[in-house]
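Chain letters run A, B, ... following the sequence lines, proteins first, then strands; residues in each count from 1.
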Number of protein chains: 2
Amino acid sequence: MAPTREGAAGRDDRSVTGKLFMLLSAFRSGSAELTLSEIAHRSGLAMTTVHRLVGELTERGVLERGSDRRYRVGLALFEIAALAPRGPGLREVALPYMEDLYEVTRENVQLGVRADEEVVFVERLAGRASVGVRTRIGGRFPMPPTGVGLVLLAHAPSEVRQRVLAAPLRRFTSHTLTDPERVRRVLADVRRDGFAVSDRQVTSDALSVAAPVFDGSGAVVAALSVVLRFGSVRPSSLAPAVRMAARGISRALSSAPDSTGGSLAG
Amino acid sequence: MAPTREGAAGRDDRSVTGKLFMLLSAFRSGSAELTLSEIAHRSGLAMTTVHRLVGELTERGVLERGSDRRYRVGLALFEIAALAPRGPGLREVALPYMEDLYEVTRENVQLGVRADEEVVFVERLAGRASVGVRTRIGGRFPMPPTGVGLVLLAHAPSEVRQRVLAAPLRRFTSHTLTDPERVRRVLADVRRDGFAVSDRQVTSDALSVAAPVFDGSGAVVAALSVVLRFGSVRPSSLAPAVRMAARGISRALSSAPDSTGGSLAG
DNA sequence: ATTTCGTTTCCGTTGAACGGAAAATCCGGT
DNA sequence: ACCGGATTTTCCGTTCAACGGAAACGAAAT
């Protein structure tokens, strides 16, 4: 074994499919542009193997080479990923409603779905006046501290909830809830009220209000949130607007031919 | 050796990488949800091969299974594609400027880049009042009839321009320009004026005004456009606004640490 | 000029990928 | 509930694509 220090890597690196996945995942951590040897190092694959695979991927546009000859994720991957029903597909029908919400609040409007035990943010509208957020589109984030996460967690299968609350809850600010029992009670409130408030859980100057998005079968498939600067408005006063927008998306999803209901079995 | 000119439909289905690419590309044409045998049929691969590959992809979240057991593109692919500098990376810095433009016009605001000899749309903002467009995010479109396409083509390497104008120009409406010489003159105007107008080239009720987006080195890396209902405003009156927004994006790109300049050699 | 670091080519070995065949499962029809 | 056709999944012997060590090549830095 080489002295590579990757802990998160998958177990199965025998198949080409697995190698390709590890190779592409190398771009997730760190910068968006990598040299061949950086890819080899981060993916834990042999140089020659990476060289061959990267060559083929580049030929097909899955990777591209920049002016400095570095490799970057290419458009071909973007084109295929654009077809993901829970990603851009969902975004497509949600956008007009998010737009409305943005106009009213002038603050970050976020749309997220659950992947395993984390949130993946699918879309975010932000103007230049919006308060800064630590999330990135296509990026993961723990569920408990975020508004969308609370909604998704509240409506997730109980096994998922168990597992998430069994793990230590990461602290971001002095307000972050780290007691599983407290969070459990918050989740019950979220289910009762139909919306969630995350008060300075991620950054000390922001809070978010979130509401669930349902598919045709009544399952929660996503969550919508607005991120506000702390102190600017009373959170609960925005709940109706967020819920309205979320319901608008839900309705659009039900009537759309392309059902976006999906489950990630734990 | 020399880069293969054969373009899209590569006959190289020997390598696993190629097979995976063909497999995933099966989702491009037609619906977003496919059964195993549909994937096998569309990709041209053997059932057992597809079965094995699809199984592994599903394990990693690159594909997902819906409630009806059909396969769809999964979030893992979306997460990786989100790192593409010319895709979501570009979108991220462009969004606030696009937002501004949307507010002023209340119409479709589009951002596109060139891939080979076509446009790939990276982002589109649209309200409910906007006119319908035939483009899709992550989708391809011929360059000559679209606003963004005209800008990208005008600033593309001359070989690209040659090839595009050598091929027959597809007609969408009675106004679509199909004479290469006419288009060539339009492209010269685009370079001189700093913006492009596509008048009812794609649909008879819409026209678009587009301007180039530059990276730090002065190369055109993208194009921004507004799609208007025909007759609502005089196109040239919007040119300054579009150019302003495009320049804003250009400036943001230059100062960003992550250069998004990229070339796709012909 | 020499070192260093990254990239690319070469080639013999090997096991992952392959796909035909058959079993298992699903599904609409009766 | 029962049947027949279509779809999905498992099994397994064969083979060729994938592999990676070694060495040549290229480009900056010293």
Novice: Does a salt bridge link B/R163 with B/E159, judged by any charged N lying under 4.0 Å from a carboxylate O?
Specialist: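 Looking at B/E159 together with B/R163, the answer is no, because their closest N to O distance does not fall below 4.0 Å.
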Novice: Looking at B/S15, I'd like to know whether one of its side-chain N or O atoms comes within less than 4.0 Å of OP1 or OP2 on D/dA17.
Specialist: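 False: B/S15 side-chain N/O out of range (4.0 Å or more) of D/dA17 OP1/OP2.
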Novice: Looking at B/H51, I'd like to know whether one of its side-chain N or O atoms comes within less than 4.0 Å of OP1 or OP2 on D/dT8.
Specialist: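 Answer is no, no contact under 4.0 Å.
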Novice: Under 4.0 angstrom, heavy atoms only, what part of the nucleic acid is B/T48 near: base, sugar-phosphate, or nothing?
Specialist: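 Base: the residue B/T48, judged by heavy atoms under 4.0 Å, touches a nucleobase.
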Novice: Kindly say if A/R52 contacts the phosphate of D/dA18, meaning a side-chain N or O under 4.0 Å from OP1 or OP2.
Specialist: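 No, outside the criterion.
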Novice: For the side chain of A/V16, counting heavy atoms from C-beta on, which of C/dG19, C/dA17, D/dT9 is nearest?
Specialist: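 For the A/V16 side chain, the nearest candidate turns out to be C/dA17.
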Novice: Please give, in whole Å, the distance from D/dA27 C1' to A/R69 CZ?
Specialist: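 That distance rounds to 11 Å.
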Novice: Could you give the CG-to-C1' distance, from B/L36 to D/dA6, as a whole number of Å?
Specialist: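 To the nearest whole Å, that distance equals 13 Å.
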Novice: Taking the side chain of B/R14 as its heavy atoms from C-beta onward, which of D/dT10, C/dT8, D/dA17 lies nearest to it?
Specialist: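 Closest nucleotide among those given: D/dA17.
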Novice: Rounded off to whole Å, could you give me the CZ-to-P distance for the B/R65 and D/dT7 pair?
Specialist: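 Going from B/R65 (CZ) to D/dT7 (P), I get 15 Å.
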Novice: Round to a whole Å and report the spacing from CG of B/L23 to P of C/dA17.
Specialist: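 Those two atoms, CG and P, are 14 Å apart.
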Novice: Do the ring planes of A/F141 and A/F172 sit parallel (below 30°), tilted (30 to 60°) or perpendicular (above 60°)?
Specialist: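 A/F141 and A/F172: parallel rings.
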Novice: Report the nucleotide, chosen from D/dC19, D/dT7, C/dT7, that has the shortest atom-to-atom distance to any side-chain atom of B/S37.
Specialist: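 Comparing D/dC19, D/dT7, C/dT7 against the side chain of B/S37, the answer is D/dT7.
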Novice: So, B/R91 and A/E123, do they make that salt bridge, N to O below 4.0 Å?
Specialist: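 A salt bridge is present here (some side-chain N lies under 4.0 Å from a carboxylate O).
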Novice: Taking the side chain as C-beta and beyond, is there a heavy-atom pair between B/S43 and B/V50 under 4.5 Å?
Specialist: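 B/S43 vs B/V50: side chains touch.
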Novice: Separation of A/K19 atom NZ from C/dA17 atom C1', in whole Å?
Specialist: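 So the two atoms are 12 Å apart, to the nearest Å.
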Novice: What's the CD-P distance between B/E38 and D/dA6, to the nearest Å?
Specialist: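 Nearest whole value for this atom pair: 15 Å.
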Novice: Name the residue closer to the 5' end of DNA chain C, choosing between A/L34 and B/T49 according to the nucleotide with the nearest heavy atom.
Specialist: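 Between the two, 5'-proximity favours A/L34.
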Novice: For the pair made of CG in B/L20 and C1' in C/dA16, what is the distance, rounded to whole Å?
Specialist: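 One finds 13 Å between C1' of C/dA16 and CG of B/L20, rounded.
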Novice: Can you tell me how far P of C/dC26 sits from CG of B/D68, to the nearest Å?
Specialist: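 Spelled out: CG on B/D68 to P on C/dC26 is 15 Å.
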Novice: Ion pair present between A/E117 and A/R140, side-chain N to carboxylate O less than 4.0 angstrom?
Specialist: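 No, A/E117 and A/R140 are not salt-bridged.
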